[in-house]
Undergrad: 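Got a structure here, written out as structure tokens. Questions coming.
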Amino acid sequence: MPTAIAVTSADLALPPQDERTLPAVVLRDIATLPLERALGELQTLIEQHGHVIVVCSHATPTAVLRRLHTLRSLLETDRVAVFNPDLPPLGLAVLARQLRQLGSCDLSPGVLASAGRLLVHYIHSGAVLGSVARLDRVPVNLKQHAKSWMPGSQFAVVAHPQPQLVRLGPEAALDGPEFGTWMLVAKGQLQSDWVSGTLAPSWKVQGLREAPLPAESPSWWGTGKVIEFCSYLPDLSVLYQLVTSVRRGICHWCGIDVIGDRCVFCSATPPSVPAHDNGNRRSGGDGGGRSARRALVRRT
């Protein structure tokens with residue numbers, strides 16, 4: 001059976017992108033289930049799939065994260081990876097779906113888990129907000145805070161890969177990807193057509209879809225008056241080529257194949273390398289993200 005890609009709530013399990021996309025495993029009520037039952041369910045997943053990659057956001061409740069690490073510790077296993085990149089919830093759901101796409105390919109569990117760290121470089125996540133008064137994920141200056149209290153004010157924000165924040169107006173613009181993407185939009189308690197009418201054309205997106213707003217999004221953005229958006233690479237062939245073009249290594253601790261300097265399953269990093277040997281053995285902390293990104297821009 002393929003490696004299981006798990007999410008902590010059903011709204012992070014997006015519909016399949018293509019016919020090869022594997023279904024997500026939803027860890028429903030993982031923090032409230034009796035410990036013995038939660039332990040048994042995770043053990044069953046490991047027995048069925050061999051390895052489990054749990055994708056969760058920084059807005060995931062602390063109780064959920066604590067329970068996941070407790071279960072992993074009690075099982076005394078390196079077959080469960082808890083991966084929580086600094087992406088907004090919609091972007092995280094897109095990343096989880098990309099891993100589900102790649103899960104149907106001939107990638108080892110370690111490479112598949114490491115692929116998440118590579119693919120985050122190609123995701124542009126942001127939102128249109130009715131207020132930035134409680135936004136703490138992106139730098140907000142005093143002037144922008146003051147304008148946030150003006151009736152009717154709206155702001156366009158990119159949280160990843162580089163923070164951007166502008167007040168919506170005739171000249172408002174956000175820097176976007178340098179390669180072809182699709183865009184996913186999730187609407188909360190805010191009315192605006194700026195994303196579909198202005199942003200998507202300026203980013204030259206090749207397709208636009210809508211999805212329900214993840215439950216964790218208001219917490220992440222500091223307001224329910226939000227329209228979250230995310231641009232991403234939809235094609236499995238492109239994702240597969242990106243992942244397989246990056247040099248692989250072997251985790252010195254658990255022995256699985258990995259991309260980059262840190263094993264997602266056991267968290268081990270390579271042993272210290274003598275200073276005179278750094279130029280020959282260093283693998284690059286971004287898991288090949290910069291070189292793969294340059295190659296993608298050239299192809300598109």
Side-chain angles (χ1 to χ4, degrees), residues 1-8 12 17 20-22 24-25 42 45-46 49-58 60 65 68-69 72 77-87 91-125 160-161 179 232-273 281-296:
M1 287 290 290
T3 299
I5 307 299
V7 292
T8 53
L12 298 177
Q17 180 69 34
R20 294 187 60 178
T21 304
L22 301 177
V25 176
L42 187 56
L45 271 180
I46 296 172
H49 296 271
H51 291 77
V52 180
I53 304 170
V54 184
V55 185
C56 51
S57 84
H58 284 200
T60 300
L65 294 175
L68 286 171
H69 287 289
R72 186 179 182 277
T77 180
D78 288 335
R79 294 177 177 268
V80 178
V82 179
F83 182 43
N84 59 335
D86 192 15
L87 284 173
L92 184 105
V94 166
L95 178 62
R97 182 169 63 182
Q98 290 178 328
L99 294 179
R100 289 161 49 200
Q101 289 177 268
L102 289 167
S104 65
C105 302
D106 57 342
L107 299 177
S108 68
V111 170
L112 181 60
S114 304
R117 290 179 174 155
L118 173 65
L119 296 180
V120 293
H121 293 288
Y122 304 94
I123 292 177
H124 286 64
S125 291
H160 184 86
F179 42 85
Y232 62 97
L233 298 169
D235 295 331
L236 175 58
S237 60
V238 175
L239 298 174
Y240 182 79
Q241 186 173 359
L242 285 172
V243 173
T244 55
S245 68
V246 178
R247 183 172 64 86
R248 303 180 187 185
I250 297 177
C251 176
H252 76 99
W253 183 258
C254 65
I256 64 174
D257 292 341
V258 295
I259 296 173
D261 288 342
R262 189 181 187 89
C263 178
V264 181
F265 282 101
C266 73
S267 299
T269 55
S272 299
V273 179
R281 296 178 60 185
R282 181 169 294 176
S283 62
D286 75 340
R290 285 186 294 272
S291 58
R293 196 157 52 245
R294 288 194 293 269
L296 177 64

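Each residue takes its place number in the sequence, starting with 1.
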Undergrad: Determine yes or no for a side-chain-to-main-chain donor-acceptor pair under 3.5 angstrom, with Gln17 supplying the side chain and Arg100 the backbone.
TA: no

Undergrad: Closest approach of Gly103 and Pro2, non-hydrogen atoms and distance?
TA: O-CB, 3.6 Å

Undergrad: Might you point out which heavy atoms bring Leu95 and Gly116 nearest each other, and give the distance in Å?
TA: CD1-O, 4.0 Å

Undergrad: Nearest 0.5 angstrom please: Leu239 CG to Tyr122 OH, how far?
TA: 10.0 Å

Undergrad: Step by step, work out the side-chain contact (heavy atoms from CB on, under 4.5 Å) result for Ile259 and Arg117.
TA: CA-CA 9 Å; Ile259 296 173; Arg117 290 179 174 155; over 6 Å; no

Undergrad: Would you say Thr60's side chain and Cys56's backbone share a donor-acceptor pair under 3.5 angstrom?
TA: no

Undergrad: Show the nearest heavy-atom pair for residues Ile46 and Arg79, with the distance to one decimal.
TA: CG2-CD, 3.9 Å

Undergrad: If we only count heavy atoms from C-beta on, is the Val120 to Asp86 side-chain gap below 4.5 Å?
TA: no

Undergrad: Between Tyr232 and Arg97, what is the shortest heavy-atom contact and its length?
TA: OH-NH2, 3.4 Å

Undergrad: Quick one: do Val94 and Leu87 satisfy side-chain contact (heavy atoms from CB on, under 4.5 Å)? Show the steps, please.
TA: CA-CA 10 Å; Val94 166; Leu87 284 173; over 6 Å; no

Undergrad: To the nearest 0.5 Å, what is the distance between CG (Leu236) and CD (Gln98)?
TA: 10.0 Å

Undergrad: Would you sort out whether Cys105 and Arg20 count as a side-chain contact (heavy atoms from CB on, under 4.5 Å), showing the intermediate values?
TA: CA-CA 9 Å; Cys105 302; Arg20 294 187 60 178; 4.0 Å; yes

Undergrad: Working to the nearest 0.5 Å, report the span between CD1 of Ile123 and CG of Leu233.
TA: 8.5 Å

Undergrad: Would you call Pro161 and His121 a side-chain contact if the rule is heavy atoms closer than 4.5 Å?
TA: no

Undergrad: Measure the spacing between CG of Leu12 and OG of Ser57 and express it to the nearest 0.5 Å.
TA: 7.0 Å

Undergrad: Could you pull out the closest heavy-atom pair between Ile256 and Cys263, with the gap in Å?
TA: CD1-SG, 3.9 Å

Undergrad: Between Arg248 (side chain only) and Val258 (backbone N and O only), is there a donor and an acceptor less than 3.5 Å apart?
TA: no

Undergrad: Quick check: do Val7 and Val25 have side-chain heavy atoms less than 4.5 Å from each other?
TA: no

Undergrad: Can you find a heavy atom in the side chain of Thr244 that is under 4.5 Å from one in the side chain of Leu107?
TA: yes

Undergrad: Distance check, rounded to the nearest 0.5 Å: Leu68 atom CG versus Leu42 atom CG?
TA: 8.0 Å

Undergrad: Compare every heavy atom of Leu118 with every heavy atom of Val243, then report the nearest pair and how far apart it is.
TA: CA-CD2, 3.9 Å

Undergrad: Within the structure provided, determine whether His49 and Thr3 are in side-chain contact (heavy-atom separation under 4.5 Å).
TA: no

Undergrad: As a quick check of understanding, evaluate side-chain contact (heavy atoms from CB on, under 4.5 Å) for Ile5 and Leu112, giving each step before the final call.
TA: CA-CA 10 Å; Ile5 307 299; Leu112 181 60; 4.0 Å; yes

Undergrad: With ring pair (Phe, Tyr, Trp, His ring centres under 6.0 Å) as the rule and sequence neighbours excluded, what pairs involving residues 248-269 come up?
TA: His51-Phe265

